[in-house]
A.B. asks: 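To start, I am sharing the structure in question, which I have written as structure tokens.
In each ligand, atom 1 is the first atom listed, and ligand 1 is the first ligand listed. Heads up: numbering here begins at 1 and tracks the sequence. Predicted, not measured: the structure shown is a model, and the values here were computed from it.
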Amino acid sequence: MPLEKRYAGDWARKEGHPDTTVFIHPSAASLKHLANTIISSPGGWYDAGDYNKYIVNSGITMGTMMSAYEDFPGYFNNLTTNIPETGNAVPDVLNEVLYNLRWMLTMQDKEDGGVYHKCTNASFDAMVMPEAATAARYVVQKGTAATLDFAAVTAQASRVYKKFAKQFPGLADSCLVASKLAWQWAVKNPAVIYDQNEMNKKYLPPVVTGAYDDKNFKDEFFWAAAELFTTTKENIYLEQIEKRAIGEMTLPTWNNVDLPGCYTLLRLQSQLPIVAKNVIVAISKKVKDMADAMIANGGNKAFAANFGQSKKDFVWGSNAVAMNESILLLTAYLISNNKKYLLPALSNLNYVLGQNATGYCFVTGFGSNPSMHPHHRPSIADNIIAPIPGLLVGGPNPGMQDKCFYASTETETAYTDDDCSYASNEIAINWNAPLFYVVNVIEALQLQLKIK
Ligand SMILES: [Ca+2]
Ligand SMILES: [Ca+2]
Ligand SMILES: [Ca+2]
């Protein structure tokens with residue numbers, strides 16, 4: 001959509017990628033949707049520094065944002081953000097989530113319930129403004145990960161938007177129908193991997209944009225089952241939940257979505273049927289144990305952040321690891337009421353806002369020394385010196401896969417504020433979403449606890 005000056009200020013821009021003419025890539029063809037026929041798939045969020053739209057990465061992003069709302073609905077009812085829908089009696093966060101939800105709904109093949117992996121160019125756009133990027137767009141192969149992430153998001157959305165039936169008649173029901181249809185496709189197709197290299201051997205044009213490829217769908221089955229069970233209370237989803245609830249879990253990423261399912265089950269445990277009692281006890285212990293291990297040596301480093309206890313924390317998108325640590329800690333607080341988790345959660349926010357070894361505030365537009373050159377096409381192409389504000393950059397990543405120049409290659413300082421650096425200075429929706437959760441939930445808790 002166009003960003004108007006009264007909302008976007010200096011960063012106003014024209015509409016890009018209307019996506020009303022999107023081709024069925026041969027990898028996605030079916031009897032009802034022949035190769036190179038046209039569907040419409042408008043709206044939604046650009047994923048990151050590029051202009052493509054990916055269901056898998058939308059999954060965790062949408063889940064994180066709706067979870068913030070479900071944790072503190074009263075706070076979000078009063079949060080106004082100067083978007084076109086401000087003042088329309090729907091929390092702005094849900095107006096924003098709906099913009100991507102409506103796009104996601106276009107990505108399901110209603111004939112069989114399967115969901116296309118992404119809506120994309122064949123190759124990345126040049127570093128131009130959105131309206132100048134006009135390459136052909138495709139939906140590509142359906143896959144199990146995309147379909148289950150879609151099922152989880154639409155099941156959660158069905159629950160969340162039910163409260164707004166007056167503003168969005170039929171939306172909650174449509175989401176639940178779509179979710180169940182997706183679930184059924186995944187049960188019939190439990191191991192359809194999106195393997196871009198294999199796909200490119202068979203079909204033209206070759207597609208070389210972000211792959212978001214995942215081979216392990218146990219966590220996606222768990223998350224989708226958790227959301228569907230919480231929304232419907234139907235026992236058919238419980239088996240998948242029980243199977244997984246006893247397994248090992250790690251911090252969420254786009255391809256690892258166990259914990260979003262746990263967070264939902266814990267948040268709404270009082271509404272769940274008694275058959276789920278053992279599962280709730282198990283995952284409640286798991287989340288608290290993970291949080292306790294996380295803070296066991298917390299804050300003993302030079303910059304007093306809980307994040308960064310291990311060199312392994314500094315992966316591609318390390319700042320999002322810090323924020324996902326904080327979400328785990330805040331969830332542990334919400335289920336235990338134990339305040340020992342709060343300061344470590346806050347320390348990670350301090351970390352991304354500048355209390356770190358690089359001295360940068362990793363959120364554009366804030367602080368005295370913010371990142372200025374994110375790998376983000378509009379920020380590069382708009383002829384405005386300041387980047388678009390409010391974006392969390394990836395952060396230190398000694399992997400340095402982009403081969404750009406880094407003044408320091410040490411673990412905690414392998415960061416370069418250069419738009420060349422997609423490995424340390426790109427932005428992404430699945431990194432901004434946990435920042436969004438943490439800043440807002442800490443604000444909500446501060447109001448609730450009257451902490452000064
Ligand atoms: Ca609103
Ligand atoms: Ca997975
Ligand atoms: Ca700029």
A.B. asks: Considering all heavy atoms of both residues, which atom of Pro396 and which atom of Thr358 are nearest to each other, and what is their separation?
C.D. replies: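 So the minimum-distance heavy-atom pair works out to CG-CG2, 4.3 Å.
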
A.B. asks: Strictly under 3.0 Å, is the Ca ion (ligand 1) approached by any N, O or S atom of Asn88?
C.D. replies: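 Yes.
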
A.B. asks: Once rounded to 10 degrees, what value does the angle at the Ca ion (ligand 2) take between O (Asn216) and OD2 (Asp214)?
C.D. replies: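 Vertex at the Ca ion (ligand 2): approximately 90°.
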
A.B. asks: Might you point out which heavy atoms bring Val153 and Gly59 nearest each other, and give the distance in Å?
C.D. replies: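 Minimum heavy-atom contact is CG2-O, 3.6 Å.
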
A.B. asks: Can you give the angle Ile384 O - the Ca ion (ligand 3) - Ser379 O, rounded to 10°?
C.D. replies: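 The angle at the Ca ion (ligand 3) comes to 170°, rounded to the nearest 10°.
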
A.B. asks: Examine all N, O or S atoms of Val90, backbone included, and report whether one is under 3.0 Å from the Ca ion (ligand 1).
C.D. replies: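 So Val90 does bind the Ca ion (ligand 1) by this criterion.
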
A.B. asks: What distance do Ser371 atom OG and Asp418 atom CG have between them, rounded to the nearest 0.5 Å?
C.D. replies: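 It comes to 11.5 Å.
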
A.B. asks: Have a look at Asp382 and say which of its N, O or S atoms is nearest the Ca ion (ligand 3).
C.D. replies: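 Nearest N/O/S atom: OD1.
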
A.B. asks: What's the atom name of the N, O or S in Glu85 nearest to the Ca ion (ligand 1)?
C.D. replies: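 That would be atom O.
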
A.B. asks: Say whether Ser58 and Asn100, considering side chains only, have a donor N or O and an acceptor N or O under 3.5 Å apart.
C.D. replies: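 Side-chain D/A pair, Ser58 to Asn100: present.
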
A.B. asks: Nearest 10°: the angle subtended at the Ca ion (ligand 2) by Asn255 O and Asp219 OD2?
C.D. replies: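 Vertex at the Ca ion (ligand 2): approximately 70°.
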
A.B. asks: When you check the side-chain N and O atoms of Lys202 and Ser27, is any donor under 3.5 Å from an acceptor?
C.D. replies: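 The answer is no; no qualifying pair exists.
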
A.B. asks: OD1 (Asp92) to the Ca ion (ligand 1) to OD1 (Asn95): angle, nearest 10 degrees?
C.D. replies: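 Reported to 10°, the angle equals 100°.
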
A.B. asks: Return the minimal non-hydrogen interatomic distance between Leu392 and Ala320, and the atom names on each side.
C.D. replies: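 Scanning both residues, the minimum pair turns out to be CD2-N, 4.5 Å.
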
